[in-house]
K.L.:
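The structure that follows is given in the form of structure tokens.
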Amino acid sequence: MLLNDHKAGMEGLDKGKINKIIMDASKGSRFYENERKKEDQVNKRIEEQRRKMKEITPTQLKDGELQADSILEDFDGMRDLSRTIVHIDMDMFYAAVEMRDNPSLRDKPMAVGGLSMLSTSNYHARKFGVRAAMPGFIGKKLCPELVIVPLNFDKYTAVSKQVRDILSDYDSNFCPMSLDEAYLDMTDHVIKRSRFSDKERTYLLRKVDKHQNVCLCDLNETIWEEEIQKSQNNCEENNVSSLNNCDTKDRNMDAKTNYSDTESPNVLRSSDTVCVICGKPLPDFEKKTFGFNVEDAVREMRSRIEQRTTLTASAGIAPNMMLAKICSDRNKPNGQYIIQNNKDAVMEFIKDLPIRKISGIGKVTEKMLNALGIQTTTDLYHQRALLFHLYSQISFHYFMRICLGIGSTTVERESGRKSMSTERTFREISTPIELYAKCRELSEALAEDLKEEELKGKTVGIKVKTVKFEVKTRVQTLPEYTCDVDTIFTAARDLLRIEIQNVAPQPLRLRLMGVRMSGLLHQTMCKKQQNTLTSLLKKMESTQQSVSSSKSSATSFVKMEGITEQPSVNCDENICTYANEERSLIEKNCLSLPEIPDQDAYSENDMCYNEVNHNKEYHNKLINDKTQDEIGSNIDSCGNPDQEEITSDDPVTSSTHEDTVKQLDQIDGSKQTVKSVIDKRQESSLKIDTAGQESTQKVTQKFNTTQKVTPPTQRVTPTKGDSTSTKDDLSLEKDTMEKLVCPVCFMEQSQADLDSFNQHVDSCLNKDAIMQILTEQKSWQKPAAKR
DNA sequence: GCGGATCAC
DNA sequence: TATGGTGATCCGC
Ligand SMILES: Nc1ccn([C@H]2C[C@H](O)[C@@H](COP(=O)(O)OP(=O)(O)OP(=O)(O)O)O2)c(=O)n1
Ligand SMILES: [Mg+2]
């Protein structure tokens, strides 16, 4: 709840005052209450940890220490100091882009996002305590002059690409962690660099006063050639930076200023007067030849980034990724820091490091460790015996590596994604029809995204967040891989229905819903559908009149649990002894790719074999680079067991589907280019869906007219109380109905008379929808009315 | 395999 | 008035 101040630019501010403002703004809110609940949970875990700790005998403790020392020795022996890893991180990235494009923001406290949520803030605003992941309205309270700029995600993507183009010159295999952050292994570059000519290490740097209306294009792209020519003629050598004999400390202190390592460079002026690109007057500039070592290489890289984008970056240089990450924060903004490749330098750096600085140790882990008297990495070492007993092996090893300052040294691209999801926050909705409409929207978006990356998945999940901020997730694994909207929606809807039923007769009041697909495989790797059978059944389905026959056929692969109740999850009792540690997470993302299995991958699902090559390449590139070969036609993903021709107008299923896609395309005009997992991860809308009305109506419309997949089913479905009946079992012949099931929410209704039942249905439907449904459904209501 | 929790950005 | 979205991992069932 309180202010997080572990980020850069948050030193020495009035924490007490800031916390009070945050508290006042939050107190009593549902958000706040939930935060407190979570905090209580953490405290319980800490108590549990204490309890466990007391049970440890001195003998066990001694044993733990021996075990730990043994592990430490092993790890230390495997320490790899041979690589030079660089972590580069743009300064206040989104905010910097916005300030660049609107200089009037430059000297104001500003943040990017909206009143509901901020993505980041500039350093001026950070002084007030305004930071990323803070709601904008609180930011305003902390700093009334705060200017909030909406996100321009496309711009950040474009800038990111510019930056990455430069990074690839230093490590073609660099690993982007986000739009503004990446790891590089510069070991090879430095070796190559030792043979670079001056020309290859020389760049032009603008010298420009703020507010000067001059060209800001990258001079290295406009006039580099001619300027370099000149200097070669002059055999200029004066600007070579050399830092070889300073000790590390001095070098890191110098690092703040980019050019401190050279004699004051000559100010130059091009013989041209205006830029060929932008037409503005060319600025004065200097010509700088960077040195040979890593630090100069990194300065050069950062400098080029600044020339190209006019944005600054900070960098960390260290023998492994864990350390490099911490270093990049050390001299932020616009600075760099190096840890030399020797154990002493590493240990010296690590010594008093607060554990929270380490990537993977977050708020909760910090608190749990603090409870053990651990604040720094040295404490971590001293408590190794305890940690051995209290934590899992994975966590323990992670901690021990931290003690030793060891981290991953293999910088590699991400492997393929494991899941894809889409979720949205909105103003409260609780009527089933709105909930299902939202679910449908999300399913459509997800299906679209899956297709864009040519993926199919086997496990569909939903996520819901109640208005009290309680989060639940539910998943269901399908028998076949799919990216078919209707199949996804059917599965998601069933999961949602269970949640609705779980809280009935109370409404399920949500502020967020998400749909997720995991168990992903590239389309071409999915088991082939029994084409003939599927399509055959489909044809039968579309031509058959009998409603009942289409159901429970072989194509019906969505679990129908009828009314069976879901075990309610009691969060309070679910005290996890230790809710886990992320640890190596980040580094693992970049770790060596899983081997392409020889057989295993195929055994499970009888996938196509012919894509092994492609797959390897796929792994080595950003994960959604397109593949060259396409296999086969679009095998229609899966039958849609749920589709039911209510209005027997004929447009075949496929066309309906395509219509949907088209509609989406129109609505969502901005067809993005292919994105990597990483890039999509940044793509957060910080706005709450308030336009719920329209979109809901749109979807509702679809449900009631064009769509075959209707919300639940558009009729009153009388059914027996037993769980064998599925929602699709609509046979009207049943005459011994005991209960009514609301067609919208699938809830059994116990009302004695039809009127109260209808009242319930009313509450589930908005006015427009109900008119349609009622007229369509009149006939069915009769049997029910007999009761 | 599922659900909750944690973490990064 | 108002507290985000995406992806991943780990733990304990
Ligand atoms: N909870 C968060 C954290 C970050 N971001 C976005 C906005 C940031 O601009 C970008 C990069 O994140 P950083 O953690 O690197 O933060 P900044 O670059 O903004 O600031 P710094 O100068 O501290 O790196 O990611 C976000 O959307 N949500
Ligand atoms: Mg940054």
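Throughout, protein chains are lettered first and strands after them, A, B, ... in sequence-line order, and every chain is numbered starting at 1.
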K.L.:
Is a side-chain donor or acceptor of A:S328 paired with a backbone partner of A:K325 at a separation under 3.5 angstrom?
P.N.:
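Yes.
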K.L.:
When you measure from the side chain of A:K472, which nucleotide among C:dG4, C:dC11, B:dG4 comes out closest?
P.N.:
B:dG4
K.L.:
Given C:dG4, B:dT6, C:dA8, identify the nucleotide with an atom nearest to the side chain of A:K465.
P.N.:
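From the listed options, C:dG4 comes nearest.
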K.L.:
Scan A:K141 against the nucleic acid and name what it touches under 4.0 Å (heavy atoms): base, sugar-phosphate only, or nothing.
P.N.:
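A:K141: no heavy atom of the nucleic acid under 4.0 Å.
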K.L.:
Please identify each residue that fulfils side-chain contact (heavy atoms from CB on, under 4.5 Å) with A:T422, with sequence neighbours left out.
P.N.:
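By the side-chain contact (heavy atoms from CB on, under 4.5 Å) rule, A:T422 matches A:R424, A:L442, A:A445, A:L446.
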K.L.:
Closest nucleotide of DNA chain C for A:F469 versus for A:K418: which of these residues is on the 5' side?
P.N.:
A:F469
K.L.:
Can you classify the ring geometry of A:Y94 versus A:Y156 as parallel (below 30°), tilted (30 to 60°) or perpendicular (above 60°)?
P.N.:
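Parallel: the ring planes of A:Y94 and A:Y156 meet at under 30°.
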K.L.:
From C-beta outward on A:T425, which listed nucleotide comes closest to its side chain: B:dA8, C:dG5, B:dG4?
P.N.:
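Nearest nucleotide to the side chain: C:dG5.
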K.L.:
Among the nucleotides C:dA8, B:dG4, B:dC9, which one has an atom lying closest to any side-chain atom of A:D180?
P.N.:
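Closest nucleotide among those given: B:dC9.
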K.L.:
With a non-hydrogen cut-off below 4.0 angstrom, is A:L512 in contact with a base, only sugar-phosphate, or nothing?
P.N.:
sugar-phosphate
K.L.:
Would you indicate which nucleotide in C:dA2, C:dG5, C:dC10 comes nearest to any side-chain atom of A:S392?
P.N.:
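Taking heavy atoms from C-beta onward, the closest nucleotide is C:dC10.
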K.L.:
For B:dA8 and A:S178 - does any side-chain N or O of the residue sit under 4.0 Å from the phosphate oxygens OP1/OP2?
P.N.:
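Negative; the distance criterion is not met.
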K.L.:
Compute the ring centroids of A:F399 and A:Y391, then answer whether they are less than 6.0 Å apart.
P.N.:
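They qualify: ring centres under 6.0 Å apart.
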K.L.:
Looking at the side chain of A:V364, which of C:dT9, C:dG4, B:dT6 is the nearest nucleotide?
P.N.:
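Closest nucleotide among those given: B:dT6.
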K.L.:
Is the shortest side-chain N/O distance from A:T422 to OP1 or OP2 of C:dG5 below 4.0 Å?
P.N.:
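No, because none of the side-chain N or O atoms of A:T422 sits under 4.0 Å from OP1 or OP2 of C:dG5.
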K.L.:
B:dG3, OP1 or OP2 - any side-chain N/O from A:R516 closer than 4.0 Å?
P.N.:
no
K.L.:
Taking only the side-chain heavy atoms of A:T477 (C-beta and beyond), determine which of B:dC9, B:dC2, C:dA2 contains the nearest atom.
P.N.:
B:dC2
K.L.:
Taking only N and O in the side chain of A:S421, is any of them less than 4.0 Å away from OP1 or OP2 of C:dG7?
P.N.:
yes
K.L.:
Using atom NZ of A:K367 as one end and atom C1' of B:dC7 as the other, report the distance to the nearest whole Å.
P.N.:
17 Å
K.L.:
Counting only side-chain heavy atoms from C-beta out, which of C:dG5, C:dG4, B:dC9 sits nearest to A:R424?
P.N.:
C:dG5
K.L.:
Out of curiosity, A:Y32 OH to A:E39 CD, how far, rounded to the nearest 0.5 Å?
P.N.:
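If we round to the nearest 0.5 Å, A:Y32:OH and A:E39:CD are 7.5 Å apart.
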K.L.:
Rounding to a whole Å, what distance do you find between A:L450:CG and C:dG7:C1'?
P.N.:
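Value for this atom pair: 14 Å.
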K.L.:
Using a 4.0 Å heavy-atom cut-off, does A:A132 contact any base of the nucleic acid, only the sugar-phosphate backbone, or nothing at all?
P.N.:
nothing
K.L.:
Got a sec, which residues hit side-chain contact (heavy atoms from CB on, under 4.5 Å) with A:A315, two or more places apart in sequence or on another chain?
P.N.:
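Listed in chain order: A:V86, A:I88, A:V298, A:R302, A:Q336.
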K.L.:
When the distance from CD1 of A:I138 to C1' of C:dG4 is rounded to whole Å, what number comes out?
P.N.:
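Computing the A:I138:CD1 to C:dG4:C1' distance gives 14 Å.
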K.L.:
Tell me: CD1 of A:I498 to C1' of B:dG3, nearest whole Å?
P.N.:
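In whole Å, B:dG3 C1' lies 14 Å from A:I498 CD1.
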K.L.:
Rounding to an integer number of Å, can you tell me how far A:Y391 OH sits from C:dT9 C1'?
P.N.:
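One finds 17 Å between C1' of C:dT9 and OH of A:Y391, rounded.
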K.L.:
Tell me which nucleotide among B:dC2, B:dT6, C:dG4 gets nearest to the side chain of A:V42.
P.N.:
B:dT6
K.L.:
Does A:R401 qualify as a cation-pi partner of A:F396, given the criterion of NZ or CZ under 6.0 Å from the six-membered ring centre and within 45 degrees of its axis?
P.N.:
no
K.L.:
Starting at OH of A:Y398 and ending at C1' of C:dC10, how long is that distance when rounded to a whole Å?
P.N.:
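Between C1' of C:dC10 and OH of A:Y398: 13 Å.
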K.L.:
Would you kindly compare A:K38 and A:L179 by the position of their nearest DNA chain B nucleotide and give the one closer to the 5′ end?
P.N.:
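Result of the comparison: A:K38.
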K.L.:
Expressed in angstrom and rounded to an integer, what is the separation of A:L478 atom CG from B:dC2 atom P?
P.N.:
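Taking atom P of B:dC2 as the reference, CG of A:L478 is at 10 Å.
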K.L.:
Give a yes/no on whether any side-chain N or O of A:R45 is located under 4.0 angstrom from OP1 or OP2 of C:dC11.
P.N.:
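False: A:R45 side-chain N/O out of range (4.0 Å or more) of C:dC11 OP1/OP2.
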K.L.:
Within this structure, what is the CD1-to-C1' distance between A:I46 and B:dT6, rounded to whole angstrom?
P.N.:
14 Å
K.L.:
So A:M420, base contact, sugar-phosphate only, or nothing? Heavy-atom distance under 4.0 Å.
P.N.:
sugar-phosphate
K.L.:
So which nucleotide from B:dA5, C:dT9, B:dC2 ends up closest to the side chain of A:V475?
P.N.:
B:dC2
